[in-house]
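Everything on this sheet refers to the single structure shown next.
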Amino acid sequence: MKKIMAVNAGSSSLKFQLLNMPMKGEGKEEEVLIEGLFERIGLDYAQITIKFKPDGINLVKETKRVDLRDHATAVKILIETLIAKGIVSSIDEIDGVGHRVVHGGENFKDSAIIDEAVIKEIERISDLAPLHNPANLIGIKAFRKILPNVVQVVVFDTSFHQTMPAESYMYAVPYEWYEKYGVRKYGFHGTSHKYVAMQAAKYLKRPLEELKLITAHIGNGGSLAAIKQGKCVDTSMGFTPLAGIPMGTRSGSIDPAIIEFIAKKENLDIHEITSILNKKSGYIGIYKESSDARDLRDAQEAGNQLADLVINMQNKSICDFISSYYGYMGGLDAIIFTAGIGEKSPQTREEICDRLSEAFGVYIDKELNKIKGEFLDLSLPHSKVKVLVIPTNEELMIALDVMRLGYGQTQI
Ligand code: ADP
């Protein structure tokens with residue numbers, strides 16, 4: 001077994017999971033040893049929350065105030081905590097670290113072992129994700145300082161989508177925008193789309209290379225991917241995560257001419273409008289009271305028409321993408337629901353499958369569909385398309401990539 005740390009660093013936070021990962025032939029399952037979150041790094045009232053099983057059975061959650069000057073301090077406290085809790089006896093027991101990085105641009109078509117050149121390239125493309133990549137890099141640098149001899153890998157949200165053909169990823173705008181600035185569709189949530197696609201192939205007992213899949217990652221943010229023969233051929237998010245379906249706070253794709261129109265009407269600049277499209281649109285833009293799907297469902301049940309409207313808008317948009325990908329791939333073996341809403345909202349799954357049943361012969365077991373947050377095969381025997389619910393696990397996918405690139409272990 002190898003102890004692998006999966007890390008997701010934000011500008012003031014650091015989420016981690018330490019997994020025990022089996023080597024090929026060991027016949028063991030991977031296991032989460034501890035997971036946690038540092039919050040408010042560099043600010044007052046910083047804290048660490050950890051979840052682990054001191055007796056190997058019962059999960060315990062502990063939250064503690066800590067003085068967190070910077071990310072390096074958080075990593076130092078993290079290592080001390082692992083030792084204090086008996087998760088590792090020394091720092092040398094950590095065999096690898098995997099870091100989530102949001103944007104990999106065009107050059108990272110796969111995860112990569114971190115070296116100076118990789119760090120430089122992530123820095124170079126940082127203007128594609130100015131809020132995220134610099135924060136991810138702070139985490140990488142902090143871990144490299146404390147664990148200089150341990151293999152470290154970067155896993156990008158974008159790289160799984162790098163197999164898209166140009167006809168899918170190009171925008172019909174002046175070509176120089178692509179050449180000079182890299183304006184194209186990149187797609188996001190790639191780690192999740194890849195993980196659930198791999199799990200689906202495993203469950204269906206067919207090689208991924210034979211399958212046509214649509215993965216629907218529907219959480220607070222949401223995107224769909226068309227995966228043909230193991231390769232992403234289209235996805236709904238774009239140059240940024242703003243494109244695609246309406247989401248919790250994001251508009252999804254809109255007519256770009258609206259931006260100039262509203263700029264004039266409301267006397268706003270482009271930055272302010274982009275912020276509204278990212279933070280005050282989608283569920284919250286239409287319903288106003290909340291961006292949480294559970295609140296919208298409660299409101300819908302109580303007869304709120306705006307909650308009902310935006311839920312239907314999202315459902316329609318999801319079905320538009322599924323229909324278009326079905327046609328583009330020339331068929332479909334399975335639809336996979338994942339992320340918060342995809343895993344835990346039976347209503348959303350049922351409504352989407354109902355919309356698809358007449359055209360595509362999608363039929364699900366509505367009783368079974370009531371289960372939340374578990375792996376499910378919802379398809380009825382006569383359904384022409386399989387419908388699966390697969391809980392996503394981005395930390396595990398990151399750890400699997402560390403095992404693949406760092407230790408030559410083939411995946412799943
Ligand atoms: P993020 O994009 O922030 O990672 P998640 O994948 O955690 O988002 O999904 C969050 C969304 O999932 C929220 O809209 C939340 O309301 C929704 N969700 C969580 N549990 C349920 C549930 N039991 N029923 C319906 N929606 C749920």
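- Residues Q347 and E350 have side chains not in contact (no heavy-atom distance under 4.5 Å, counting atoms from C-beta outward).
- Side chain to side chain, E39 and S12 fail the donor-acceptor criterion of an N or O pair below 3.5 Å.
- Between S223 and H217, the side chains place no donor N or O within less than 3.5 Å of an acceptor N or O (distance only, hydrogens not considered).
- There is a side-chain donor-acceptor pair under 3.5 Å between T73 and D70.
- Contact record, M5 with V7: CG-CG2, 3.7 Å, taken as the closest heavy-atom pair.
- A donor atom on one side chain and an acceptor atom on the other are not found under 3.5 Å apart for T235 and K185.
- The pair R184-E106 counts as a salt bridge, with a side-chain nitrogen and a carboxylate oxygen less than 4.0 angstrom apart.
- K76 is linked by a side chain to side chain contact (heavy atoms under 4.5 Å, CB included) to E80, I146, counting only residues two or more places apart in sequence or in another chain.
- In this model, no donor atom of one side chain and acceptor atom of the other lie less than 3.5 Å apart for E30 and N20.
- Remark: side-chain polar atoms of T81 are paired, donor with acceptor, to backbone N or O of I77 under 3.5 angstrom.
- The residues R294 and D298 are annotated as not salt-bridged, no charged nitrogen and carboxylate oxygen being separated by less than 4.0 angstrom.
- With hydrogens and angles disregarded, no donor-acceptor distance shorter than 3.5 Å links the side chain of N369 to the backbone of D365.
- Closest approach of E343 to I390, counting heavy atoms only: OE2-O, 4.1 Å.
- The main-chain N or O of K24 is never found under 3.5 Å from a side-chain atom of E26 such that the two would form a donor-acceptor pair.
- Closest heavy-atom contact between P207 and A201: C-CB, 4.5 Å.
- Remark: side-chain polar atoms of S13 are not paired, donor with acceptor, to backbone N or O of A9 under 3.5 angstrom.
- Side-chain N/O atoms of D377 and S379 include a donor and acceptor closer than 3.5 Å.
- Evaluation of the salt bridge (Lys or Arg N to Asp or Glu O under 4.0 Å) rule for E123 yields K141 as partners, not counting sequence neighbours.
- The minimum heavy-atom distance between A200 and L213, with the atom names listed, is CB-CD1, 4.4 Å.
- For the side-chain hydrogen bond (donor to acceptor under 3.5 Å, both in side chains) test with H193, the passing option among D157, T215, T392 is T215; the others fail.
- Of the possible donor and acceptor atoms, none in the side chain of T158 sits under 3.5 Å from a partner among the backbone N and O of H103.
- With salt bridges taken as basic N to acidic carboxylate O contacts below 4.0 Å, one links E116 and R144.
- With salt bridges taken as basic N to acidic carboxylate O contacts below 4.0 Å, none links K51 and E62.
- Within the structure, salt bridge (charged side-chain N to carboxylate O under 4.0 Å, His left out) contacts touching residues 250-279 (residues at least two apart or in different chains) are E260-K264.
- Looking at R404 and D110, a side-chain N of the basic residue comes within less than 4.0 Å of a carboxylate O on the acidic one, giving a salt bridge.
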Donor-acceptor pairs under 3.5 angstrom involving side-chain atoms of residues 280-287: please list them, not counting sequence neighbours.
residue, atom, partner, partner atom, Å
S281, OG, I276, O, 2.8
Y283, OH, Q314, OE1, 2.6

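- Here E210 does not pair with K205 in a salt bridge; the nearest charged N to carboxylate O distance is not below 4.0 Å.
- S291 and T249 make their closest contact through CB-CG2, 3.7 Å (heavy atoms, listed as atom of the first residue, atom of the second, distance).
- A side-chain donor-acceptor contact under 3.5 Å links S345 to the backbone of T348.
- Side-chain atoms of S323 come within 3.5 Å of backbone atoms of C319 as a donor-acceptor pair (strictly under, hydrogens ignored).
- A donor-acceptor pair under 3.5 Å links the side-chain atoms of T163 to the main chain of C232, judged by distance alone.
- Residues V389 and E374 come closest through the heavy atom pair CG1-O, 3.6 Å.
- Applying the side chain to side chain contact (heavy atoms under 4.5 Å, CB included) test to K212 and every residue at least two apart in sequence or in another chain returns K228, M329, D333.
- Annotation: ring-ring contact (aromatic ring centres under 6.0 Å, His included) contacts involving residues 110-159, sequence neighbours excluded, comprise H99-F143, F108-F156.
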